[in-house]
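Down below is the structure, laid out as structure tokens.
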Amino acid sequence: MDISGSLEKPDIKILGNTLMSQIHLHEQYGGVYPNLAKREHEKNLPPLLQQTLKEAGYILTDDQQLTNNNIDVIAVTNGPGLEPALWVGINFALELGKKWDKPVIPVNHMEGHIFSVLYESKDALVLPALALLVSGGHTELVLVKDFGNYKIIGQTRDDAVGEAFDKVARMLGLSYPGGPKVSKFAELSRQRKKIDDIKFPRPMIHSKNLDFSFSGLKTAVLYKIKEANRTDPHYTRDFGEVSDIFKEDIARAFEDAAIEVLIEKTRRALLESKEKIKTLIVAGGVSANTHLSREISKIVDELPDIRLHIPIKSLATDNALMIGIAAFIKTSKTHRINKNQEEIKAQGNLSIS
Ligand code: KG4
Ligand code: ZN
């Protein structure tokens with residue numbers, strides 16, 4: 001495919017789809033705890049596979065063979081992510097590949113996020129596209145020239161934006177993952193319409209490059225909470241416990257700042273790129289954020305030639321379907337599946353470009 005091509009919406013029919021969240025187990029640690037994640041993956045994958053195959057109408061015999069063996073390929077993500085957890089998935093997939101005599105193909109987790117938008121899209125993905133990938137581990141602007149041809153043109157220098165949401169949530173006493181909770185609080189503050197004077201810095205908003213930084217913003221939030229605990233009786237309850245109104249205002253001021261930087265850099269990337277960008281993709285867990293999608297649609301109103309793709313909510317945060325979709329495009333584009341199993345290794349920092 002050339003640079004002015006497009007990726008057709010794949011013809012997908014979901015036979016079975018299951019997801020097991022470990023969020024409640026990680027809540028107490030305020031984030032994902034690697035060893036626990038690994039153990040839980042090992043425990044959950046076999047019953048999850050059973051359940052998915054059952055949903056899809058397959059029957060697994062006692063020696064783990066399929067009665068209807070019409071599967072072409074098994075897809076698994078090899079990174080980026082937590083290596084111990086990635087290895088569990090890879091080893092599981094390789095074992096199945098051996099048992100069922102099927103090739104296993106690796107898929108980049110971020111590639112999965114990009115193509116998650118094709119699931120319920122009515123249109124083909126017109127290329128080249130700009131992808132704003134926002135998750136708990138990543139904040140990057142990626143030029144998507146074709147499937148497999150990506151260039152990172154901007155990225156965070158410290159925390160990812162989802163990580164900043166999670167950390168601010170923790171400061172406000174909200175449990176992991178904090179993104180959706182901070183967002184809900186921020187919306188409540190906006191609904192009150194009485195906008196107070198809390199305003200946080202917009203890190204790197206005027207820098208010439210397309211990079212981001214969120215760790216200073218997080219620290220600014222921390223100082224504001226500490227200061228209010230000490231000095232502001234309007235906001236604080238007994239014994240320095242901050243009130244819900246204060247939490248909501250903090251959440252709104254933080255979200256305003258974080259999203260404004262994402263929007264400004266994305267707008268600039270669209271306007272300044274030498275490629276004729278036709279599509280904007282916003283994907284990754286934070287793409288479920290209401291304020292982000294509201295502000296992103298304003299950019300698209302300003303630039304009517306740009307088509308916007310955002311995944312449906314259930315495909316915004318990590319899921320297996322997006323890995324399957326990316327694998328489907330990968331195999332149909334190369335028109336062949338490598339029969340000689342390539343070596344698959346977990347790569348915690350696997351880059352997309
Ligand atoms: O892509 P994802 O599921 O996992 C990673 O690859 O990291 O993204 C998870 C991140 C978490 O930091 C979570 O707090 C954030 O996405 N998130 C949100 C929202 N929903 C999930 N952040 C802000 N607003 C949301 N509505
Ligand atoms: Zn993700």
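Atoms within each ligand, like the ligands themselves, are counted from 1 in listed order.
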Query raised in the report: Which protein N, O or S atoms does the Zn ion (ligand 2) have within a distance shorter than 2.8 Å?
Result: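 Per the 2.8 Å query on the Zn ion (ligand 2), atoms found are His109 NE2, His113 NE2, Asp318 OD1.
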Considering only protein heavy atoms, which is closest to [atom], and at what distance to one decimal place?
atom: atom 15 (C) of ligand 1; answer: Val286 CG2, 3.9 Å
atom: atom 17 (N) of ligand 1; answer: Gly285 O, 3.7 Å
atom: atom 24 (N) of ligand 1; answer: Asn289 ND2, 3.0 Å
atom: atom 13 (C) of ligand 1; answer: Asp166 OD1, 3.8 Å

Report task. Could you tell me whether Glu187 and Arg192 make a salt bridge, using a distance below 4.0 angstrom between a side-chain N and a carboxylate O? Result ->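 Looking at Arg192 together with Glu187, the answer is no, because their closest N to O distance does not fall below 4.0 Å.
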Query raised in the report: Charged N to carboxylate O below 4.0 Å: is that the case for Glu42 and Arg39?
Result: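 Salt bridge absent between Glu42 and Arg39.
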Counting only nitrogen or oxygen atoms and a 3.5 angstrom limit, does [X] reach ligand 1?
X: Gly162; value: yes
X: Gly179; value: yes
X: Asp318; value: yes
X: Thr290; value: no

Please check if any side-chain donor atom of [X] sits under 3.5 Å from a side-chain acceptor atom of [Y], or the reverse.
X: Asn319; Y: Tyr119; value: no
X: Lys247; Y: Ser189; value: no
X: Asn108; Y: Gln347; value: no

Query raised in the report: Taking the non-hydrogen atoms of His138, is any one of them nearer than 4.0 angstrom to ligand 1?
Result: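 Not so, His138 does not reach ligand 1.
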Requested in this report: Could you tell me if any non-hydrogen atom of His113 lies under 4.0 Å from any atom of ligand 1?
Outcome: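 Distance cut 4.0 Å: His113 passes for ligand 1.
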Report task. Using heavy-atom distances, let me know which of Ala164, Ser293, Gly136 sits nearest atom 7 (O) of ligand 1. Result ->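 The nearest heavy atom belongs to Gly136.
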Report task. Determine, considering heavy atoms only, which of Ser135, Pro80, Pro180, Ala160 sits nearest to atom 19 (C) of ligand 1. Result ->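 Among Ser135, Pro80, Pro180, Ala160, the closest heavy atom to atom 19 (C) of ligand 1 belongs to Pro180.
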Report task. Taking all non-hydrogen atoms of both residues into account, name the closest pair between Asp159 and Lys218 and its distance. Result ->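 Heavy atoms only, the tightest pair is OD2-NZ, 3.0 Å.
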Report task. Might you point out which heavy atoms bring Ile90 and Ala346 nearest each other, and give the distance in Å? Result ->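 Distance-wise, the nearest heavy atoms are CD1-N, 3.4 Å.
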Query raised in the report: Short list, please: which atoms of ligand 1 are under 4.0 Å from a heavy atom of Gly137?
Result: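 Answer, ordered by atom number: 7 (O).
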Query raised in the report: Between Tyr150 and Phe115, how do the two ring planes meet: parallel, tilted or perpendicular, split at 30° and 60°?
Result: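 The rings of Tyr150 and Phe115 sit tilted, inter-plane angle from 30° to 60°.
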**Report entry** Leu15 CG: over 12 foreign heavy atoms closer than 6.0 Å
**Finding:**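 Result for CG/Leu15: enclosed.
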